[in-house]
Each structure stands twice: as C-alpha cells, then as structure tokens.
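In what follows, a structure is listed as structure tokens, so that the remarks can point back to it.
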Amino acid sequence: MKKILLSASLLAMLFSCQSEDSKVVAENNAAQRQCASQEVLERQLREDPEMALRMNKIEEFTENFTKNNPNYRLVNGKIEIPVVVNVLYRTTAENISLAQIQSQIDVLNQDFNATNPDYNQVPALFSGVKANVGISFVLDQVIRKSTTKTSWGTADAMKKTNRGGLAPITPTTKLNLWVCTIGGGILGYAQFPGGASATDGVVIDSKYLGTTGTATYPYNLGRTATHEVGHWMNLRHIWGDATCGSDLVADTPTHNTANYGVPTYPHLSTCSGTPVEMTMNYMDYTDDRGMYMFSLGQKARMDAIFAVGGSRASFRN
C-alpha cells in the first residue's frame with residue numbers, strides 16, 4: 001500500500017502531464033463522472049508560470065509538515081469553514097432551493113467528520129487508515145444571479161463579473177462554491193491551493209449538488225462536492241492522473257486509473273504489487289454511492305494547508 005512521495009522538484013512534471021490513457025478514459029466515459037480540476041490546473045499553469053513555483057513551495061511545506069508532525073491535530077480537532085454559495089441560473093430548475101444547498105452542507109459535514117451513514121462499509125483491509133478529517137462547514141450566505149448563459153464551461157467565467165458571473169467573497173477566509181450549468185459532461189472542478197484568489201473555490205453543476213431538488217442519480221448524494229472540496233484542500237485524484245500514478249499519499253494503494261460505477265470489492269490493481277484498490281475513496285471517480293472514505297494520509301495533507309504557515313492558514317481565524 002506504501003507509495004513514494006514525489007519531491008517538489010518533480011511536482012511541476014506531475015502537474016503538467018496528464019497521461020494520454022487517462023484522457024482517453026475520460027473521453028470514453030462522458031456519461032460517467034468527470035472532474036475538470038486537473039485540466040483547469042494545467043490551463044492555469046500555462047497562463048501563470050509562477051503558479052508552479054507557489055505549488056512547489058506548498059508541496060515542500062506539506063511534505064515536511066507531515067514528516068515532522070505525525071500526530072498533528074488542529075486546535076480541538078476541528079476547523080470550521082464558512083461557505084458562500086453563488087447560484088447562477090437561467091431556468092427555474094437551475095435556481096436551486098435553499099433546502100438543496102443545505103443538504104450539500106450537511107453532506108460535507110458528514111463526509112469530513114466520518115459521520116456519513118456508509119462509513120461503516122469501509123472494508124477491513126482499510127479500517128486502519130480510514131480517517132475522520134475533523135473539518136466542519138457552515139453556510140455563510142447564498143448569492144443568486146439570473147443569467148442568459150446556457151452553460152459556463154471550465155474557464156472560470158462564472159467567477160468573473162465582466163463575464164456575467166459572480167466574483168468570490170473574501171476567498172482567503174471563506175470557501176466560495178459556484179453552482180451553475182457547466183456543460184460538457186463535467187460534474188465539477190476545484191482550484192488547488194496556490195492559485196489566484198480571484199478564482200479560488202469550487203464549481204459544481206446544479207444537477208449534482210446535494211441530495212434533493214435537481215440532484216441527479218447516480219450523483220445525487222452530494223459526493224461531487226466532497227470530491228472537489230478535497231481538491232481545494234490539496235488532494236489529488238487517487239490514481240495520480242496517470243497510469244499507476246502517485247497521489248502523493250503514502251497510505252492509498254496505487255491505482256491503474258480512474259474507477260467508475262461501483263466496482264465489486266476487492267478490485268485488484270495491475271500496478272506493481274497488485275494491491276487492492278481503494279475504490280471507495282472520495283478521490284476516485286466512482287458513483288456517489290460507491291465512495292465513502294478519506295485516508296489518514298489524505299487527512300495529513302489537508303491538515304497541512306490549515307496549519308500555521310500553510311497555504312490556507314487564514315481559515316483558522
């Protein structure tokens with residue numbers, strides 16, 4: 001199950017090259033889960049070359065932090081994140097209800113505090129590394145804007161007022177979540193730590209937010225936002241966006257590539273050592289009902305960004 005953590009000097013290479021195999025899988029599974037976070041990251045790196053340097057520093061800090069603080073816990077084991085929800089709608093259905101928004105906040109609180117009803121389904125093989133992340137979320141405000149756009153794409157237009165969107169509200173202390181029709185089969189995407197504040201946050205298509213209203217099976221359990229918030233907290237896809245790639249976490253098995261649907265357990269990898277893949281991890285691509293855990297190593301990465309000196313330490317206040 002052990003992986004080799006990549007050094008910061010190799011990190012830019014990881015960010016700049018997604019394997020052709022994983023791209024083909026995404027193209028062939030247009031009706032299945034698609035997260036655009038990696039593609040958005042690659043675009044941002046092209047547009048802002050200094051972003052790679054910032055992310056390398058974040059990765060150096062994360063690696064040193066996790067090595068030197070193996071038993072680190074946040075103050076009282078908790079941190080509370082205010083969430084600003086920016087709703088951009090053209091149709092009545094896209095103008096999702098407050099109840100649907102609150103259902104998503106509830107799911108985030110369950111999934112990041114190991115109180116989700118399916119947490120007890122984690123196989124015995126992974127019971128020693130399943131994690132209570134200990135981060136909570138509270139709905140801060142909901143902002144709504146009527147638009148004429150039928151879809152927004154992944155170029156961050158929804159975050160810019162000059163393109164018809166809504167600018168983020170105090171993104172250094174609040175998580176901004178945009179809800180809109182993305183298009184192209186994309187369920188959502190997030191900005192990794194190190195990106196510009198003007199575009200920081202998470203985007204979720206209105207058809208895949210929360211557990212009620214327009215939430216659409218098999219992505220109707222709120223796990224798209226859990227997955228994307230994981231990226232926002234510096235987690236990678238579990239297969240490392242490459243065949244047998246690294247997600248920079250030591251206690252997650254090496255995956256061949258993304259998994260879809262709800263794989264039958266145990267699902268064996270053909271990567272070195274043929275480990276059992278952690279298909280139920282939130283950072284895979286399975287259906288909502290098929291993902292229900294973070295690992296301790298992933299928790300450590302999330303802890304690091306909120307620690308003193310971490311890239312999101314401002315959220316501690």
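This is a predicted model, so every value here is computed, not measured.
Checked by atom type and distance alone, the side chain of Gln104 pairs as donor or acceptor with a backbone atom of Gly222 at under 3.5 Å. Side-chain atoms of His255 come within 3.5 Å of backbone atoms of Met278 as a donor-acceptor pair (strictly under, hydrogens ignored). Side-chain N or O atoms of Asn132 include one that pairs as donor or acceptor with a backbone N or O of Gly134 at under 3.5 Å. Put simply, the side chain of Asn113 gets close to the backbone of Ile135: a donor and an acceptor are under 3.5 Å apart. Formation of a donor-acceptor pair under 3.5 Å by the Thr216 side chain with backbone atoms of Lys207 is found in this model.
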message = Working note: Ser37 + Glu228, criterion side-chain contact (heavy atoms from CB on, under 4.5 Å); need CA distance, chi angles, decisive distance, verdict.
response = CA-CA 8 Å; Ser37 295; Glu228 300 304 342; 2.9 Å; yes
query = Hey, mind stepping through Thr147 and Tyr89 against side-chain contact (heavy atoms from CB on, under 4.5 Å) and telling me if it holds?
reply = CA-CA 6 Å; Thr147 80; Tyr89 66 94; over 6 Å; no
task = Starting from the C-alpha separation in whole Å, work towards a yes-or-no answer on side-chain contact (heavy atoms from CB on, under 4.5 Å) for Leu88 and Val179.
result = CA-CA 6 Å; Leu88 294 158; Val179 183; over 6 Å; no
Working for side-chain contact (heavy atoms from CB on, under 4.5 Å), residues Asn234 and Thr62 = CA-CA 9 Å; Asn234 208 25; Thr62 299; 3.8 Å; yes
request  = Would you sort out whether Tyr292 and Tyr119 count as a ring pair (Phe, Tyr, Trp, His ring centres under 6.0 Å), showing the intermediate values?
outcome  = CA-CA 6 Å; Tyr292 37 85; Tyr119 186 67; 8.6 Å; no
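Remark: Asp156 does not engage Lys160 in a salt bridge, criterion side-chain N to carboxylate O under 4.0 Å. A salt bridge links Arg54 with Asp48; the closest basic N to acidic carboxylate O contact falls under 4.0 Å. Checked for salt-bridge contact, Glu63 and Lys67 meet the test: a charged N lies under 4.0 Å from a carboxylate O. Salt bridge Arg301/Glu59: present, at least one basic N to carboxylate O contact under 4.0 Å.
Residues Tyr219 and Val262 do not share a hydrophobic cluster, clusters being chains of Ile/Leu/Val/Met/Phe/Trp/Tyr side chains in contact below 4.5 Å. Clustering ILVMFWY residues whenever any of their side-chain heavy atoms sit less than 4.5 angstrom apart, transitively, puts Tyr282 in the very cluster that holds Leu235. A single hydrophobic cluster is seen to contain both Ile238 and Val229, as judged by linkage of ILVMFWY side chains at heavy-atom distances under 4.5 Å, directly or through other members. One hydrophobic cluster, built from ILVMFWY side chains closer than 4.5 Å, cannot hold both Ile58 and Met233; they sit in different ones. In this structure, Leu108 is a member of the same hydrophobic cluster as Ile96, with clusters built from ILVMFWY side-chain heavy atoms closer than 4.5 Å.
Contact record, Ser269 with Cys271: OG-N, 2.9 Å, taken as the closest heavy-atom pair. The two residues Thr173 and Ser314 make their nearest non-hydrogen contact at CG2-O, 3.9 Å. In terms of heavy-atom proximity, Ser295 sits nearest to Val249 at OG-CG1, 3.8 Å. When all heavy atoms are compared, the tightest approach of Ala304 to Phe65 is CB-CD2, 3.5 Å. Nearest heavy-atom pair, Lys174 versus Phe315, reported as atom, atom and distance to 0.1 Å: N-CE2, 3.3 Å. What you find for Ala215 and Gly210 is that their closest heavy atoms are CB-O, 3.4 Å.
By the 4.5 Å heavy-atom criterion applied to side chains, Trp178 and Ile204 are not counted as neighbours. Considering only heavy atoms from C-beta on, Asn95 comes within 4.5 Å of Val87 through its side chain. Side-chain contact between Leu187 and Cys35 is absent, with no heavy-atom pair separated by less than 4.5 Å. Counting only heavy atoms from C-beta outward, the side chains of Thr224 and Leu209 never approach each other to under 4.5 Å. Proximity of Val85 to Ile143: side-chain heavy atoms (C-beta onward) are nowhere separated by under 4.5 Å. Looking at heavy atoms from C-beta onward, Ile182 lies in side-chain contact with Val203 at the 4.5 angstrom threshold. Side-chain atoms of Val83 and Ile105, non-hydrogen and from C-beta on, do get closer than 4.5 Å to each other. In this structure, Met291 and Arg33 have side chains that are in contact, with non-hydrogen atoms separated by less than 4.5 Å.
If you take CZ on Phe137 and OG1 on Thr226, they are separated by 8.0 Å, rounding to the nearest 0.5 Å. With rounding to the nearest 0.5 angstrom, the NZ atom of Lys130 is 14.0 Å from the CG atom of Asp251. How far CG of Leu41 is from CG of Asp241: 9.0 Å, rounded to the nearest 0.5 Å. Distance CG/Leu98 to CG/Leu139: 6.5 Å, rounded to 0.5 Å. Atom-to-atom distance recorded for His237:NE2 and Asp247:CG is 10.5 Å, nearest 0.5 angstrom.
In this structure, a donor-acceptor pair under 3.5 Å is absent between the side chains of Thr154 and Glu39. Side-chain contact, Gln102 with Asp106: a donor N or O sits under 3.5 Å from an acceptor N or O. In the model, Thr286 has no side-chain atom that pairs as donor or acceptor with a side-chain atom of Asn259 under 3.5 Å. Using a 3.5 Å distance cut-off with no hydrogens or angles, the side chains of Gln298 and Asn281 do pair a donor with an acceptor. A donor atom on one side chain and an acceptor atom on the other are found under 3.5 Å apart for Glu42 and Gln38.
The aromatic rings of Phe294 and Phe112 lie tilted to each other, with the angle between the two planes from 30° to 60°. Classification of the His227-His231 ring pair by plane angle, with boundaries at 30° and 60°, yields perpendicular.
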Would you tabulate the side-chain donor-acceptor contacts of residues 192-200 under 3.5 Å, counting partners in other chains and residues two or more places apart, or write 'none'?
residue	atom	partner	partner atom	Å
Thr199	OG1	Gln191	OE1	2.6
Thr199	OG1	Ala196	O	3.4
Asp200	OD1	Trp232	NE1	3.4
Asp200	OD1	Arg312	NH2	3.2
Asp200	OD2	Arg312	NH1	2.7

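Counting non-hydrogen atoms of other residues, nucleotides and ligands closer than 6.0 Å to CD of Glu47 gives a total above 12.
Applying the ring-ring contact (aromatic ring centres under 6.0 Å, His included) definition to pairs two or more places apart or across chains, none involves residues 141-168.
For the pairing with Arg223, the salt bridge (charged side-chain N to carboxylate O under 4.0 Å, His left out) check across Asp288, Asp287, Asp111, Asp284 returns one residue only, Asp111.
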